There are 2 protein chains.
Amino acid sequence: MNTKRERKAYADQMGLFLEHLGLPPMAGRICGWLLVCDPPLQTAAELAEALGASRGSISTMTRQLVQFSLIERVAIPGERSRGYQVRTSGFTGVLKVQYEATVEIRKMADQGLVMLKGESPRARRRLEEFRDFYAFFEREFPLLIEKWERESARARRSK
Amino acid sequence: MNTKRERKAYADQMGLFLEHLGLPPMAGRICGWLLVCDPPLQTAAELAEALGASRGSISTMTRQLVQFSLIERVAIPGERSRGYQVRTSGFTGVLKVQYEATVEIRKMADQGLVMLKGESPRARRRLEEFRDFYAFFEREFPLLIEKWERESARARRSK
DNA sequence: CAAATATTTCAGTCAAGTCTGAAATATTTG
DNA sequence: CAAATATTTCAGACTTGACTGAAATATTTG
């Protein structure tokens, strides 16, 4: 079963990448595995076995991933346990979280400018520039998300 | 000196936000402080004092921040020590790092599709969708950066 | 060049967060 | 309902990485 080892390695690597998205290591590995495993639907027991992880961490991490909508829980007909599978549409949700973080930082920058209202224009400039940077993304982010949703919907339709 | 306490709190909070950008806590606090301190140029000793941090971590973190171009080191005429100040244009660089991460994930997804070449279309779809998501950002990211560079240059000119 | 000052480096400490494994709880099946 | 099975929870172990402080090194000044 060399295929399996190869895919496990793939899951590990992908997990590493997905960490940069704010996910704990094991959550990333689960996503990575669910992107390439066979079948695409896996039980908690299968995940634990495949990734060499404890039931406990599988339980904790799948719950988190379900909350983030990156995976979903589905009933398996005739089976006692539930199955998990990736939910690629969930990645859009991650974007929205990042968008909200952008808004927070822009607000924080504006608060700072209030705090600096007595200062010279020279001293305020750095914060103004910082604010403008995040304000730009606050404006552009929703447009981008919308564009993605339109494009991906179109791609799906033309399949 | 209530102003100072207020600004210290601001630096701490901003530092927290900037962590989501991949910066260590103290690096974030330094950036936060340098956005609101008076004067905008601070020595390592002043940073250490203001943030209640050790000289060691100030040294390590300022070096990192200089590498990331988020702050710059400048000579202070008549002073023995160097000064640090934010470099707001450096935030564009952070975007480029994020862009590169996007490219890596898209490549990884394509490698995965090679690995799954024997599988059914049904089993490949999840990874294809995942790849398409990152491919979209790989396309859009540079356009966005360019747009920002154009807009911010224009704003600067009209000052 | 010697003294004074500033900066860097690094070994050790500490804190945060993840993972495990076992016990507790919940669910399903006959 | 009892037995079997699945899932969750949680206390403790472990890992990772940040921070300190002191020693080493570099730089500046007279």
Side-chain angles (χ1 to χ4, degrees), chain A residues 8 11-34 41-68 70-85 97, chain B residues 8 11-34 41-68 70-85 97:
Chain A
K8 164 72 163 67
D12 288 345
Q13 183 60 33
M14 184 59 88
L16 231 55
F17 280 132
L18 294 181
E19 268 180 56
H20 290 260
L21 217 128
L23 296 179
M26 191 57 76
R29 268 177 244 145
I30 291 172
C31 283
W33 176 254
L34 286 176
L41 194 66
Q42 300 267 301
T43 64
E46 285 167 338
L47 289 173
E49 196 275 328
L51 300 172
S54 71
R55 296 295 173 94
S57 79
I58 295 297
S59 171
T60 305
M61 293 307 148
T62 48
R63 185 154 42 83
Q64 275 203 32
L65 289 169
V66 168
Q67 271 177 353
F68 293 171
L70 288 175
I71 68 175
E72 58 192 348
R73 254 188 134 187
V74 303
I76 309 179
E79 283 269 346
R80 184 169 288 202
S81 36
R82 312 304 160 80
Y84 296 96
Q85 63 189 5
V97 172
Chain B
K8 163 71 162 68
D12 288 345
Q13 184 59 33
M14 184 59 86
L16 231 56
F17 281 132
L18 295 181
E19 267 179 56
H20 290 258
L21 218 128
L23 295 179
M26 190 59 76
R29 270 177 240 142
I30 291 172
C31 283
W33 177 254
L34 287 175
L41 194 66
Q42 300 267 300
T43 64
E46 285 167 337
L47 288 173
E49 197 274 330
L51 299 172
S54 71
R55 297 296 173 94
S57 80
I58 296 296
S59 171
T60 305
M61 293 306 149
T62 49
R63 185 154 41 82
Q64 276 203 30
L65 289 169
V66 167
Q67 271 178 352
F68 293 172
L70 288 175
I71 68 176
E72 59 192 349
R73 253 188 135 187
V74 303
I76 308 179
E79 284 268 347
R80 184 170 287 201
S81 36
R82 310 304 161 80
Y84 296 97
Q85 62 188 5
V97 172

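What you see is a predicted model; the values in this text were computed from it and never measured. Only this structure's heavy atoms are used, side chains among them; waters, hydrogens and symmetry mates stay out. Proteins get letters first, then strands, A, B, ... in listed order; numbering begins at 1 in each.
- Qualifying side-chain contact (heavy atoms from CB on, under 4.5 Å) partners for Ala11(A), counting only residues two or more places apart in sequence or in other chains: Trp33(A), Leu51(A).
- Atom CG of Leu41(B) sits about 8.0 Å away from atom CD of Glu46(B), to the nearest 0.5 Å.
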For residues 74-85 of chain A, which side-chain N or O atoms pair as donor and acceptor with protein atoms under 3.5 Å away, sequence neighbours left out?
| residue | atom | partner | partner atom | Å |
| --- | --- | --- | --- | --- |
| Tyr84(A) | OH | Arg73(A) | NE | 3.4 |
| Gln85(A) | NE2 | Glu72(A) | OE2 | 3.0 |

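- Closest of all the heavy-atom pairs between Ser57(B) and Ser54(B) is N-OG, 3.1 Å.
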Give me the distances for all protein-to-nucleotides 9-18 of chain C N/O pairs that come in under 3.5 Å?
| residue | atom | partner | partner atom | Å |
| --- | --- | --- | --- | --- |
| dT9(C) | OP2 | Arg63(B) | NH2 | 3.1 |

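- Taking atom CD1 of Ile58(B) as the reference point, atom P of dG21(D) lies 13 Å away to the nearest angstrom.
- Atom CG in Leu34(A) sits 9.5 Å away from atom OG1 in Thr62(A) (nearest 0.5 Å).
- Nearest nucleotide to the Tyr84(A) side chain, out of dT8(C), dT29(C), dT8(D): dT8(D).
- Note: Leu18(B) CG to Gln13(B) CD = 10.0 Å, rounded to the nearest 0.5 Å.
- Rounded to an integer number of Å, the gap from Ile76(A) CD1 to dT27(C) P is 18 Å.
- Gly52(B) comes within contact range of the sugar-phosphate backbone alone, with a heavy-atom separation under 4.0 Å but no base atom that close.
- Listed pair Arg82(A) / dT28(C) meets the phosphate criterion, a side-chain N or O lying under 4.0 Å from OP1 or OP2.
- Proximity of a side-chain donor or acceptor of Ser59(B) to a complementary backbone N or O of Arg55(B) within less than 3.5 Å is not detected.
- How far CG of Leu70(B) is from CE of Met61(B): 13.0 Å, rounded to the nearest 0.5 Å.
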Strictly under 3.5 Å: I want the nitrogen or oxygen pairs between protein and nucleotides 24-26 of chain C, one per line.
none

Secondary structure of DNA chain C in dot-bracket form (Watson-Crick or G-U wobble, distances below 3.5 Å, | marking inter-strand pairs): ||||||||||||||||||||||||||||||
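- Taking CD of Gln64(B) as the start and CD1 of Ile71(B) as the end, the distance is 10.5 Å to the nearest 0.5 Å.
- Per the geometry, CZ belonging to Arg73(A) stands 7 Å off P belonging to dT7(D), to the nearest Å.
- If you measure from atom CD of Glu49(A) to atom C1' of dT7(D), you get 18 Å, rounded to the nearest angstrom.
- Rounded to whole Å, atom P of dT7(D) lies 16 Å from atom CG of Leu65(A).
- Glu79(A) places its CD atom 14 Å from the C1' atom of dT29(C), with the value rounded to the nearest Å.
- Remark: Met26(B) CE to Leu65(B) CG distance equals 11.5 Å, nearest 0.5 Å.
- Listed by chain and number, the residues in a salt bridge (charged side-chain N to carboxylate O under 4.0 Å, His left out) with Glu49(B) are Lys4(B) (sequence neighbours excluded).
- Within the 4.0 angstrom heavy-atom criterion, no nucleotide atom of any strand lies near Ala45(A).
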